[in-house]
Every structure is written in structure tokens, then in C-alpha cells.
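Remarks on the structure that follows.
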Amino acid sequence: MVAFDEMTGSGAELRSAYTALDRWLKETPAETLALRRSQAELFFRRIGITFAVYGDEESTERLIPFDIIPRVLTKPEWEKLEKGLRQRVTALNMFLADVYGPKECLKAGIIPPDLVYRNACYQLEMVDFKVPHGIYCHIAGIDVVRVDPDTFYVLEDNARTPSGVSYMLENREVMLRLFPELFAMHRVAPVDNYPDQLLATLRSVAPRSAPSDPNICLLTPGQYNSAFYEHSFLADKLGIELVEGSDLLVKDDVVYMRTTQGPKRVDVIYRRINDDFLDPLVFRGDSILGVPGIVGAYKAGNVTLCNAIGTGVADDKAVYSYMPEIVKFYTGEEPILKNVPTWRCREPEANAYVLDNLEKLVVKEVNGSGGYGMLVGPHANKAQIEAFRRKLKASPEGFIAQPTLALSTCPTFVASGVAPRHVDLRPYVLSGANGISCVPGGLTRVALKEGSLVVNSSQGGGTKDTWVLDA
Amino acid sequence: MRIRISHAISYEYAEPARHITQILRLTPRDHDGQHVMSWRIEPSVDGRLRASQDAHGNIVHSFYDEGPISSLSIRIDGLVETLDLAGVVRGSERVPCEVYRRDTLLTGQDDALRSFAEEAATGAGTQLSQMHALMAAVSDRMDCVEASGRRGVGAAAAFAAQKAIAQDIAHVFMACARHLGLPARYVSGYVAEAAGLPHANGAHAWAEVHVDDYGWIGFDCANGLCPIDTHVRVAVGLDYADAAPVRGSRQGGEGESLNVIVSARESEGRFANQ
């Protein structure tokens, strides 16, 4: 499978976005690149940016590998992508308002009702509840992959608590320090206004009863969460309090933060705790991470939760397969971003095809994430394929399958020198009462192993700085 | 039948408790075959009791008490008039019945449960007769023990143990019904004392299944029958956790002891206040 390379196309050309970078790569000796890479690693170690890998007993915290060669997009490429992202997130929010409200899409037969009703992420508590300012998914991370010069596919929507934006910000910071000469050669659109945009989004959705300067906090599951670094990083950048469940208290449907000056009322909570653990009085009773009574306060309209409860029904992989129809239904427009063709194993014919072609396909759990519970057929051994065959036969409704896409490649500095490696992109889209915003670029993840298509950091992936050229 | 219910739930704390929040699903609603004539619910706290409805249409009360307190009690007194509708439940439904086909933590199945369900339903023609066969099989297999002090373990573990409290017997039945493709839900309520009912005169739990041509029908496997006029429905949900009479949280309050006194008996009086 020959993949589209973002620098060289099919191998022979030099694409315009990369002309300056190509020259620089040719002029810079490998020793210099290696030196800069070790400096970059030192920077990240000093900052303390780490992530935890579940199931990895040796070390709970690891440094995510960083590749020093930026990934470059031209302004027109980004503009088209951004338009598609805005359209997609608009549709996601309209879909959520609909399934928790009038359910027009179910009545119109756009999506089978049981995909919504039987979905554990469809939170009954949210039915007929009007969320503040009508917005459910304030922060979305839309994973896109590229297969040719003009085509971006959405691989996955992340509408719950998408992470990784701290890497986007830190990667740029480190690149600016290490490669000032590269920035002098390019006009790169800035990303450092993301915290301001996020803060503006959170402020815009405060309850109408809140003061003009609402009290906002970031609720983290705590230091053992894999994204804890990001939580503390973002709270710091936004200038808001970082709190754990035990720092909050609900009295008569109002949320307070414990402070040394006594309880202080909270208006907006950027929560990085999953629905299931948010409130032991409503969801899992054994949760010690959440805040008892917070759902009651939310439903009384006294606090805004970002994202809303129950957004998971929109990013479920079975619902994903209907996104083109969902986008059309709500926006009346053709979807700008394509969906990867998807077999829904819940449909017997589709499942039969999938079972016959496991060695060619990527099979994913409907509710899995982070690259766990996934089969990449062409890279799997016989035992792995047979294990998935058994799972698919036992509970077909739990899986979808997709063709193995030839993800685009970008030049990457690996042990053997500069070589193409597969990449994806997670742009972050913010939706508030003040509109939609999206910083140019996002987080590029790169599969560092030769030929690998799995970019997840938990599976040996790294990251790159993502450049959108302003001119 | 006119049923008088009195229910007292008392907590004692060795160490005082603070910041107590409780969510109560302890108030029945009217529907065909069930008319609530009077109902009082009184927690021993100063705070306001706020009433709302949850997604399933249950009446929910919640209260907050700053504390510190060393004891807390909730008293319920009520009178309900019931009719025997052979377990058929009709009333307003807030969520579509497909919702109740979901598996939850407490109704997850294993292979043993699945093959048990399939075997029990084999040969039965209609959905209704399948469910009756299933109730007979579950009643036969499961030994219902008194709840006092015991906690639920969920369908699969209860099934393996063959001995369970009423709420887990309901979970076993629901897990089987859901595996057979039918919507099933959990019911918490009261059962009045009556001849031939081994689990009566108190709080109880059973299940309801949505069956073609009939709609929701109750199945009380612990007592081996579809609910009659002895049964008072209080709350429904996807499982026990969803319909639990009390869900609460507190700080401090170590050394909690719980005492529950409940009675449900046919009322002799002709008037609501007797």
C-alpha cells in the first residue's frame, strides 16, 4: 500500500507547503537534528509533561515521544478542513439537542432508535432537560486522517472529554525555542490563543443567573489520571482553579468550592471526569472521584457542566457510521468531511463480510478508545484474528469494521534518519454561546514504527507540531 | 385492596455526620390499578425536601443537611388502594421501552445465565408464555433470602449462588428477559401480607417485562406470581441502583448503623385517616 506523502506526494514531487522545510532538512546535518531532538526531550522532561499508560506496570508515567520535524498544512488546505470541522461540530450539537429533545432524527428514520435508546451513553437524566445556551459539546476533538491531496476523512469524533491539547501548545512552545530559524522562514499561524478562546467559551455558557465574571473551575479525577498533567496545565493557562471532587460541595442544588475564605459559589465546571463517575448519587454509587449532588445542581440550572452530560451518544462508533446522514439532516448541506466507509457488524450481512475479510480490515469496539480493543487485520497474527472472530460472533453489535486506510505520511526523524511515517490530526473545536472557534492545526500524532498505522500514544505513537501557513 | 404502609428508616452514626445529601425514591404514583389515597414522607432534618421526577417518571425527593448529626430517620406513612390487574401495568411512560433492553452493571449476563434463559423459554410459544416459563424456572432455581443487612451482588453472581435477596432475583429474571430480547425493568415497592405469599408484609422488589399485545407486566419470582392487588409499585429503573429507595452521601458519620421497620397490611378502616 503506497500512502500519500504530505511532502513528496506520490514520491516524485515537492509539495508547496514543504519547499522551505525540504531545503532546511537537506542543509541540516543529521547530528544537528539529533542534538535538537535531545534538547527537545530535555525541555519536555523539565516541563514534566508525561502521560500514563494503563496496563503498563513498569512506569506509570512516560514521556510521549516528540518528533522535531513539523507537519505543514497550507492555508487553503486548512480553510477547507476548518469549514468541514465547523459543519461537523454544528451537526453533533444539533444531534444531541435532538436526541435529548424532540427526536426528529429518529422519527425521520435517519438513525435506528435502538442505537440511541440502548446506548449506555444515552443518559436518561438528560431527556427533556434544556442545557444552558443549548450547547452540549463545548470542546470537541475530531480525529481526521488524510489519504490524498484533497481528501480528509473523519476517523472518530471525540465529544466527551477529548485530551491532548496541552501537547499541541507545548509542542509549539518547544519548537519556537529550538528552531527560531525555521519560524523565520515560514509564516506559521499561532496556536497560543487557545487558552483564551477556551476561557471565552466557558464564560459564554455560564448560567444566566451567574455574575458577569463567573467562577469557573476545572474538575479533574486527580493525579492518577493519565491526563492529569494536562488538567493542571490548562487550569494554570486559563487562570482557573484546578479542583478534585472532594474540593467541591453541593448544598441545596448549588455548587461551592472550598476555599480558605470559606465556600465560594461555582458557575461553570470544565469537567474532565466521565459521566459514570461524576455523581455517586445518580451514576456509579462507588465513585469517589465525583461530587454528590452535582447532577441535581446542573438540572436546577445553577451550574454549567462542560461538556454536558450524555454527549457520548454522539461519538459512539456505531452512531459515527451515520454521521454523513446526520450532517445532511441538520445542516441541509453535503458533508464537507468524509466518513471512513464503515461496516456495522450489528447488520448480519455486514458482519458476514467482515468475518470473511478480517485480515484486510480494521475492527473496532463500538465503545473502545485509545487504540485498545482494536484489530488491525493486515498487521495481526492468526491468533489475534481468531480471537476477534470469536468476539464478533458472540456480540456483533459491539463492533464496527473499516477498510485499512492508507493514512498520509510525513517526514519524521527516526533512528535511520528522515523517513516517512503515518500521521493523523486531532483539531480542537470550541462551541459556546459566542460561536464556534478552532485554532489552526491541532495535534498531529505519528506512528513511529515503520509501516505502523496506530498513532495512539499508548501504542507507540508520538506527536509533532502542526503548522498552518498563513501565506 | 386498601393497604396501609408504614416504613421507618433510621441511621445512627458513632461519629457525627456532616453534609448529608439523600435522594429518596419512596413515593408511589397513581396508575391503573393503583390509587395513592394519602402519603407522608418525613425526614428528621431541618432542610427543605425538594420534589422532582426522574427520567423514568419516579417521584424523587431530595434533601441536604449541613450536620453535624448523630442520627437521621425517614418516616413514611401511606394508604394505597389497589386492584388486581394480573400484573398488567398501564400508565404514562416517559421513556420508550427499548431503553429497558440495555444491560447494566447489575444485569450483566454470563454464559450460564444465557443458556439458562434460552432453555427456560424453549417450547413456549408467545412472549407471555415464555416469560411465565422463565418465572417458573427462576423461582425454582433461586432461593430468596431476607434482605436484612445483605447487599445485592448482581444477576450473574446471584444466579451462580442460587440464593439471593429479592432485588437480585429480579436482576436474574431481567437479565434473562433482556437476553431473550425483551425490555425488562426493576421495580421497588411494597407487598401486603397475604396468605400464600412467602415474601410479603414489607418492602420488596420484582421485575416488569414489556410483552407484545399486553405492554408492561410484572413478574415476582420470589413469590412466584404476577403482582396482584397486594403489590404497591413505588419506583422503576434499569436496575436496583436506578430505582433504589435511598441513595445518599455524607462526610464523617463513621460507624453507621441502619435500622428499618416496615409493615404493609390490609387496612380495615373505610376512610383514609383511619
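Proteins come first, then strands; the chains are lettered A, B, ... in the order of their sequence lines, and each starts at number 1.
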Worksheet entry | Atom CG of Leu258(B): over 12 foreign heavy atoms under 6.0 Å | yes

Fill in: Heavy-atom pair of closest approach, residues Ala55(B) and Leu124(A)
CB-O, 3.1 Å

Kindly provide each donor-acceptor pair between chain A and chain B shorter than 3.5 Å, listing atom names and distance.
unit_1: Tyr117(A); atom_1: O; unit_2: Arg102(B); atom_2: NE; d: 2.9
unit_1: Tyr117(A); atom_1: O; unit_2: Arg102(B); atom_2: NH2; d: 3.2
unit_1: Asn119(A); atom_1: O; unit_2: Arg102(B); atom_2: NE; d: 3.3
unit_1: Asn119(A); atom_1: O; unit_2: Arg102(B); atom_2: NH2; d: 3.0
unit_1: Tyr122(A); atom_1: O; unit_2: Arg102(B); atom_2: NH1; d: 3.3
unit_1: Tyr122(A); atom_1: O; unit_2: Arg102(B); atom_2: NH2; d: 2.7
unit_1: Lys251(A); atom_1: NZ; unit_2: Glu66(B); atom_2: OE1; d: 3.4
unit_1: Lys251(A); atom_1: NZ; unit_2: Glu66(B); atom_2: OE2; d: 3.3
unit_1: Asp252(A); atom_1: OD1; unit_2: Arg50(B); atom_2: NH1; d: 2.7
unit_1: Asp253(A); atom_1: OD1; unit_2: Arg50(B); atom_2: NH2; d: 3.4
unit_1: Asp253(A); atom_1: OD2; unit_2: Arg50(B); atom_2: NE; d: 3.2
unit_1: Pro280(A); atom_1: O; unit_2: Arg247(B); atom_2: NH2; d: 2.7
unit_1: Leu281(A); atom_1: O; unit_2: Arg247(B); atom_2: NE; d: 3.3
unit_1: Val282(A); atom_1: O; unit_2: Arg247(B); atom_2: NH1; d: 3.4
unit_1: Phe283(A); atom_1: O; unit_2: Arg247(B); atom_2: NH2; d: 2.4

Worksheet item: What part of Val99(B) lies closer than 4.5 angstrom to a heavy atom of chain A: side chain, backbone, both or neither?
Response: both

Worksheet item: Of all residues at least two apart in sequence or in a different chain, which pass the ring-ring contact (aromatic ring centres under 6.0 Å, His included) check with Phe159(B)?
Response: Phe116(B)

